[in-house]
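Read the structure below first, then the notes.
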Amino acid sequence: MTKPCIICVAITGSLPQKSDNPAVPITVAEQIESTHAAFEAGASIVHAHVRNADGSPSSDPEKFARLKEGLETHCPGMILQFSTGGRSGAGETRGAMLPLRPDMASLSVGSNNFPTRVYENPPNLVDWLAAEMHAHEVKPEIEAFDLSHILKAKDMADQGHLLGTPYVQFVMGVKNAMPVDRDVFYYYIHTVKRLFGPDAPWCAAGIGRHQITLNEWAVAAGGHARTGLEDNVRLDRDTLAPSNAALVQRVVEICARHTRPVATCAEARQMLGLRTTCLADGKAA
Ligand SMILES: [Zn+2]
């Protein structure tokens, strides 16, 4: 198994606060610093939400614009993926940053339960977000909280609503959604390969203490791995993660054990069919 492993770092999310772990980056400046350390540690994708000063979630395109500018300067070549999922119920403001043309954006294609609420993704909003991504040449990452979401992505791809082969991320371990179930995990992989081809890339994320479990399973099965403080703020039951970079380092060690090289940004862009960045002039080719 020598296929490089793409490590995605989900730096902030919409929920964790400084009171949960002081390392959670909240301001744009903190986000840039935290991402830079994670980039140096081996992450090639950053998945980002933005926050207000009080820690509440925001969709402010101006904050996303400042974050994008800082990351392009400090993390050249890194794949920027903005979240359109963090503010359930906020409607089309969830996609207000898409005209900034990040490389990727997360796209949830169906609704499901979360720990204390419904994660609302009504069909008309899903279609609108997909159309905005298509118009701005932003590649979606399909967030599969359920098997039906993978089949919905196939339907959307067949209709020409997604750019290229869908990149599906399996999300497991969210309370009241899909638990961490090994048989389901392998059936997800089987379904992605059946629908999108044997070489279709896929990724997996586990929430809380399940993060490392999904990291292990994904790396061992030839997939790509997501880590970061959005999904989990601890190294183990008794130890807070000191940084996003420390969680990335944990995945780098898993890759080494499975003799998988960690993907460079250029390799990750090639595997995902993304725009390549010319480092000489900093312009997208
Ligand atoms: Zn997120």
Side-chain angles (χ1 to χ4, degrees), residues 6-17 20-21 23-26 28 30-32 34-35 38 43-52 55-61 63-64 67-68 71 78-90 93-98 100 102-121 125-126 129 133 138-146 149 167-178 202-208 210-211 214-215 218 224-233 241 244 247-248 251:
I6 300 168
I7 301 177
C8 173
V9 62
I11 52 171
T12 297
S14 53
L15 289 178
Q17 301 294 337
D20 301 308
N21 183 330
V24 175
I26 300 292
V28 169
E30 287 172 346
Q31 290 185 303
I32 294 167
S34 183
T35 305
S44 51
I45 302 178
V46 54
H47 168 89
H49 299 234
V50 292
R51 299 282 190 95
N52 298 310
S56 60
S58 165
S59 304
D60 184 356
K63 284 186 200 293
F64 275 111
L67 179 62
K68 183 169 184 274
L71 293 177
M78 194 176 201
I79 295 164
L80 309 188
Q81 181 188 100
F82 290 164
S83 173
T84 67
R87 297 193 66 221
S88 183
T93 60
R94 284 167 48 177
M97 83 301 276
L98 293 171
L100 297 170
D103 299 290
M104 301 182 79
S106 58
L107 179 64
S108 295
V109 297
S111 301
N112 54 273
N113 279 348
F114 267 7
T116 59
R117 61 189 170 92
V118 176
Y119 181 37
E120 289 175 51
N121 294 291
L125 179 60
V126 172
L129 286 168
M133 291 182 199
V138 176
K139 186 177 172 91
E141 177 182 273
I142 305 297
E143 306 304 322
F145 290 89
D146 187 88
H149 299 169
Y167 184 50
V168 177
Q169 171 160 262
F170 317 142
V171 187
M172 301 187 112
V174 177
K175 190 181 176 198
N176 299 328
M178 183 60 78
W202 55 271
C203 178
I207 305 305
H210 304 297
Q211 181 172 69
L214 268 292
N215 290 162
H224 304 294
R226 165 163 143 166
T227 188
L229 293 166
E230 168 171 350
D231 299 342
N232 163 49
V233 297
N244 275 303
L247 293 172
V248 171
V251 182

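Both counts, for ligands and for their atoms, begin at 1 and track the order of listing. The basis for the numbers below is simple: all heavy atoms, side chains too, and nothing from hydrogens, waters or symmetry mates.
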**OP:** For Q31 and L71, indicate whether the former's side chain and the latter's backbone hold a donor-acceptor pair under 3.5 Å.
**Re:**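 Such a contact is absent between Q31 side chain and L71 backbone.
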
Subject >> Polar side-chain atom of R51 near backbone of T12 as donor-acceptor pair, under 3.5 Å >> reply: yes

Subject >> Protein-derived N, O or S atoms lying under 2.8 Å from the Zn ion (ligand 1), waters excluded >> reply: 4

Could you pull out the closest heavy-atom pair between [X] and [Y], with the gap in Å?
X    : Y    : answer
L107 : V126 : CD1-O, 4.3 Å
A48  : F64  : O-CE2, 3.7 Å
T93  : S59  : O-CB, 3.4 Å

Original post:
How are the rings of F170 and W202 set to each other: parallel, tilted or perpendicular (split at 30° and 60°)?
Top reply: parallel

